[in-house]
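Take a look at the structure set out below.
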Amino acid sequence: MSFFYFLLFLFLLSNCIADDPLWNVCNNNVVVGAKLSSNIDHLLAELVSKAPRDGYVATSYGKGDEKVYGLAQCRGDVDKKDCTSCIQDAARQIRDRCPTQDDARIWYDYCFLRYDTQDFIGQVDTAVGLFYINVENVTDPKTFNKKLGSLLDDVESEATKPENKGLGKGETQLSPFITLYALAQCTRDLPPLSCAQCIAIAVGNFPTFCPDRKGCRALYSSCYVRYELYPFFFPLDQQNSPASTSVYKVLVKP
């Protein structure tokens, strides 16, 4: 697959505001009529109400051309309180950021939410992605990449087990003092094979966009994959504190 990428900006991760999303996409800039707008609001209210119960909901509302499909999901390691707060922020922000679109998606570190007038549920969507890339390189790329590849294989395997609800996470020791952490989360509407496909696409792009980097995040509409040299998933590793790192973002389109 051919890609072009656009460097958006450099920023300090530690300075990000908690309520700010990692990314949002607003497609199909249309004049949303009153009925469709009302249906979107009704759908969002349902997503906010139902998603925190089990960390996930996929549903629809309306009829005909004004029917809208929606999905909201929290990362599988996030507790109910943080999940509720994240979904509430996502529902509010997506309407503010995409007021005239009938296809909108928004990503946070703890959750993801989208809606569309086209039925996307159960379909792998990697048409557009965003990569957060650590600016620092590792000192021993050969050893690091071997360990990373093995860890990501394990994480993918965990994520595709039905009982794990699309979540895979793990860690491996690079040295007595350095631990590598990785996590993958698929949207729970995907069957295991489709989940594996999405993760494989994300991981397959790491060598292109994050070669030999200390950390990287891939955000797609169907999955999220991340690795770091500090703990970032729950329960947090108390022996290694989260680090403040500089990253930049690369947008990927077909």
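These figures come from a predicted structure and were not determined experimentally.
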K67 and Y61, any side-chain heavy atoms less than 4.5 Å apart: no
Distance, nearest 0.5 Å, that separates CG of D154 from NZ of K169: 14.5 Å
Under-4.0 Å salt bridge between K35 and D65: no
Donor-acceptor under 3.5 Å (S37 side chain, G33 main chain): no
Validation row: Q93, N24 side chains within 4.5 angstrom (heavy atoms): no
Residues R188 and D54 bridged, charged N to O under 4.0 Å: yes
Separation of Q123 CD from C198 SG (nearest 0.5 Å): 13.0 Å
Exercise: identify the closest heavy-atom pair between L183 and D77: CD1-OD1, 4.0 Å
Centroid-centroid under 6.0 Å between F206 and Y227 rings: yes
Straight-line distance of D89 CG to I94 CD1, nearest 0.5 Å: 12.5 Å
Minimum heavy-atom distance V48-A91, with the two atoms named: CG2-CB, 3.4 Å
Where A51 and I87 come nearest, the two heavy atoms and their spacing: CB-CG1, 4.2 Å
Main-chain N/O of K165 paired to Q185 side chain as donor or acceptor, under 3.5 Å: yes
Salt bridge (Lys or Arg N to Asp or Glu O under 4.0 Å) between R75 and D82, intermediate numbers included: CA-CA 10 Å; R75 225 174 61 194; D82 287 337; over 6 Å; no
Donor-acceptor pair, side chain of N164 and main chain of G166, under 3.5 angstrom: no
Working for side chain to side chain contact (heavy atoms under 4.5 Å, CB included), residues W107 and V25: CA-CA 9 Å; W107 291 256; V25 172; 3.7 Å; yes
Under 3.5 Å donor-acceptor, D119 side chain and I121 backbone: yes
Side-chain donor or acceptor of Q101 paired with backbone N/O of R97 under 3.5 Å: no
Min side-chain heavy-atom separation F144-K142 under 4.5 Å: no
Any side-chain heavy-atom pair of D79 and C83 under 4.5 Å: no
Same apolar cluster: L152 and L190, side chain cutoff 4.5 Å: no
Full working for side-chain hydrogen bond (donor to acceptor under 3.5 Å, both in side chains) between N28 and D102: CA-CA 6 Å; N28 300 339; D102 62 4; 3.3 Å; yes
Trace of the side chain to side chain contact (heavy atoms under 4.5 Å, CB included) decision for Y56 with C74: CA-CA 6 Å; Y56 163 78; C74 292; over 6 Å; no
N134 side chain reached by C210 side chain, heavy atoms, under 4.5 Å: no
C195 and C223 SG atoms under 2.5 angstrom apart: no
Expected output: side-chain T160 to main-chain S157 donor-acceptor under 3.5 Å: yes
Sidechain N-carboxylate O distance under 4.0 Å for E158, K161: yes
Atom pair CG (N39) and CG (L44), whose distance is rounded to the nearest 0.5 Å: 11.0 Å
N/O donor-acceptor pair under 3.5 Å between S222 side chain and D125 backbone: yes
Taking every non-hydrogen atom, the tightest pair across L251 and G129: CD1-O, 3.5 Å
Criterion disulfide (SG to SG under 2.5 Å) on C98 and C26, from CA distance to verdict: CA-CA 5 Å; C98 307; C26 308; 1.9 Å; yes
Value rounded to 0.5 Å, distance of OG1 in T179 from CD in Q173: 3.5 Å
Nearest-0.5 Å distance, CZ of residue F120 to OH of residue Y69: 10.0 Å
Trace of the side chain to side chain contact (heavy atoms under 4.5 Å, CB included) decision for R217 with L130: CA-CA 8 Å; R217 267 184 280 186; L130 188 76; over 6 Å; no
Aromatic ring pairing F233/Y181, orientation class (parallel under 30°, perpendicular over 60°, tilted between): perpendicular
E46 and V57, any side-chain heavy atoms less than 4.5 Å apart: no
A45 backbone acceptor or donor facing S49 side chain under 3.5 Å: no
Salt bridge present between D103 and R105 (N-O < 4.0 angstrom): yes
Where L113 and A72 come nearest, the two heavy atoms and their spacing: CD1-CB, 4.1 Å
Steps toward side chain to side chain contact (heavy atoms under 4.5 Å, CB included) verdict (R114, S221): CA-CA 8 Å; R114 71 179 292 191; S221 294; 3.8 Å; yes
Within-4.5 Å side-chain heavy-atom neighbours: Y220 and N205: yes
Within-4.5 Å side-chain heavy-atom neighbours: C216 and Y132: no
hydrophobic_cluster_shared for Y224 and V124, side chain cutoff 4.5 Å: no
Where G122 and P191 come nearest, the two heavy atoms and their spacing: O-CD, 4.4 Å
